[in-house]
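These numbers come from the heavy atoms of this one structure, side chains and all, not from hydrogens, waters or symmetry mates. Convention: sequence-line order gives letters A, B, ...; per-chain numbering from 1. Nothing here was measured: the structure is a model prediction, and the numbers come from that model.
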2 protein chains.
Amino acid sequence: MTDHTHHEACTNCTHTHSLGVAQDIARKSGHRWSETRTQVYHTLLMVDKPVTAYELLDMVAEKYERDVKPASVYRSLDALIDLGIIAKIESANAFVACQNPECEHQHIFLVCDHCGQIDEISDHGINRQLLKQAAEQGFVARKQILELHGECKACHIEG
Amino acid sequence: MTDHTHHEACTNCTHTHSLGVAQDIARKSGHRWSETRTQVYHTLLMVDKPVTAYELLDMVAEKYERDVKPASVYRSLDALIDLGIIAKIESANAFVACQNPECEHQHIFLVCDHCGQIDEISDHGINRQLLKQAAEQGFVARKQILELHGECKACHIEG
DNA sequence: CTCCAAATGTTACTTTATAACACTTAATCT
DNA sequence: AGATTAAGTGTTATAAAGTAACATTTGGAG
């Protein structure tokens, strides 16, 4: 495990990097960065699967030994969504860190109803086709929610 | 306005028809049909746009002069979803009657954030492509949530 | 170092949804 | 038509998800 001194202690290099990237994205887009946002985002990166706002609240409360309140968590979540570095899984009222924050913000989520894990499809073709179809009906699409529920590879094999 | 005696009074022929169809679908799939379900479904058909469970509750309460409770409404909604004749718009916590209950149950919804109206895209190609892409990652999809938010034709023109 | 819009802390509340259990009824079978 | 019974409803209470309002604090630009 490499030694990092440029950000707060984290046993995982990727996360430390992601936190730096997040901060940069925030600054560039005129948002501030803050302790709460760091903690919320870091926690989301660690769990690496969708969690509800209240689950997240409990995790942050325990990990950082603070009495964080729903409103604070929701505010951080809103900000992180604004930045495009996390996403809400609408069909689960849950939140998840994006796989590659630096590009493309129309997600296609694969939600395993068995283990709760999440995966993404990266197919711009589908996104494009959707926009096109919508446009043909005179609809200007601004945001796409696309979530497939089912069983992931691992769960399907195990039966 | 045509005279109908075969179902409870309704000023709209399509709805009377839909109620009959709904009842048939329910019976065929082993579900029962009931007064509450009739009222909930009928109300959804009338409003013809997404409404929340509690909005629906109020409408049913007023229209049928009864003191209907949340649990009852949610139970009816669950049943109607099971029958495939209504759908939940996950990103709005709202429910809407399906356009053609008798076929195809993977919807693509166009939700206008300006007027609240809803439209659907009928493109099996996209549905198929999604399943295919998911399958390539070993994911077996059972349910698809696909909602585009934006501005509908009418609202876009008006500016 | 100052400043102040942006963010947080806190309290209270609203909206959305479900659990549990007694009671009622739709539809099937005689 | 009347009995039967699983499916559905009524009711109470409560959980889960999300927001409003306002006083206080702070990140980061100048």
Side-chain angles (χ1 to χ4, degrees), chain A residues 7-8 19-20 22-41 43-44 50-61 64-83 86-96 116, chain B residues 7-8 19-20 22-41 43-44 50-61 64-83 86-96 116:
Chain A
H7 282 109
E8 70 178 25
L19 286 172
Q23 199 163 349
D24 291 350
I25 293 173
R27 292 218 175 105
K28 265 177 202 148
S29 66
H31 286 70
R32 286 203 202 150
W33 196 245
S34 76
E35 196 60 16
T36 305
R37 289 176 191 186
T38 305
Q39 293 174 354
V40 167
Y41 184 47
T43 305
L44 266 181
V51 288
T52 70
Y54 281 79
E55 286 169 351
L56 199 51
L57 183 151
D58 290 341
M59 291 173 190
V60 169
Y64 300 98
E65 292 176 302
R66 50 180 297 220
D67 179 25
V68 65
K69 297 289 201 316
S72 304
V73 173
Y74 278 105
R75 278 189 294 227
S76 287
L77 288 171
D78 286 347
L80 298 174
I81 289 170
D82 250 33
L83 296 178
I86 73 165
K88 181 175 184 183
I89 310 295
E90 294 287 348
S91 54
N93 294 324
F95 302 84
V96 69
Chain B
H7 281 109
E8 69 178 25
L19 286 172
Q23 200 163 347
D24 290 350
I25 292 173
R27 294 217 174 104
K28 266 178 201 147
S29 65
H31 285 70
R32 286 201 202 152
W33 196 245
S34 76
E35 197 60 18
T36 305
R37 289 175 191 187
T38 304
Q39 293 174 356
V40 167
Y41 184 45
T43 306
L44 267 181
V51 288
T52 69
Y54 281 79
E55 287 168 351
L56 199 51
L57 183 151
D58 289 341
M59 292 173 190
V60 169
Y64 300 99
E65 291 177 302
R66 49 181 297 220
D67 179 24
V68 64
K69 297 289 202 314
S72 303
V73 173
Y74 278 105
R75 279 190 293 227
S76 287
L77 289 170
D78 286 347
L80 298 173
I81 289 170
D82 250 33
L83 296 178
I86 73 165
K88 181 174 185 185
I89 309 296
E90 294 288 349
S91 54
N93 295 324
F95 302 84
V96 69

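Taking atom CZ of residue B:R27 and atom C1' of nucleotide D:dG8, one finds them 15 Å apart after rounding to whole Å. Counting to the nearest Å, the P atom of D:dT19 and the CD1 atom of A:I81 are 10 Å from each other. Per the geometry, CZ belonging to A:R37 stands 10 Å off C1' belonging to C:dT8, to the nearest Å. Taking atom CD on A:E35 and atom C1' on C:dG9, their separation rounds to 15 Å, with Å as the unit. Distance, A:L77 CG to D:dT19 C1': 13 Å, rounded to whole Å. Between B:E90 atom CD and D:dG18 atom P the separation is 12 Å, expressed in whole Å. The separation between A:Q23 atom CD and D:dG27 atom C1' is 10 Å, rounded to whole Å. Look at CG on B:L57: it is 15 Å from P on C:dT18, rounded to the nearest Å.
Side chain of B:H31, nearest nucleotide from D:dA17, D:dG8, C:dG9: D:dG8. For A:K69, counting side-chain heavy atoms from C-beta on, the closest listed nucleotide (D:dG8, C:dA17, C:dT11) is C:dT11. Comparing D:dG18, C:dT10, C:dA6 by their nearest atom to the side chain of A:A71 picks out C:dT10. The B:W33 side chain lies nearest to C:dA27 when the options are D:dT9, C:dA27, D:dT26. Taking the side chain of A:Y54 as heavy atoms from C-beta on, and the options C:dT10, D:dA17, D:dG28, the nearest nucleotide is D:dA17.
Contact annotation: side chain of B:R32 to base of D:dA6, donor-acceptor pair present below 3.5 Å.
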Inset, instruction - With side chain to side chain contact (heavy atoms under 4.5 Å, CB included) as the test, would you mind laying out the steps for B:L83 and B:W33 before giving the verdict? - result: CA-CA 11 Å; B:L83 296 178; B:W33 196 245; 3.8 Å; yes

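Map B:V68 and A:E55 each onto its nearest nucleotide of DNA chain D; the residue landing nearer the 5' end is B:V68. Residues B:R66 and B:P70 each lie close to DNA chain D; by heavy-atom proximity, the contact nearer the 5' end of the strand is made by B:R66. In terms of position along DNA chain C, the nucleotide closest to A:S76 lies nearer the 5' end than the nucleotide closest to the other residue of the pair A:N93 and A:S76.
Dashed line: the shortest gap from a side-chain N or O of B:Y74 to OP1 or OP2 of C:dA17 is under 4.0 Å. At the phosphate of D:dG10, OP1 or OP2 sits under 4.0 Å from a side-chain N or O atom of B:S72. For the OP1/OP2 pair of D:dG8 and a distance below 4.0 Å, the side-chain nitrogens and oxygens of B:S34 include no atom meeting the criterion.
Using a 4.5 Å heavy-atom cutoff, the side chains of B:V40 and B:L80 are in contact.
The residue B:R75 sits close to a base: some heavy atom pair falls under 4.0 Å.
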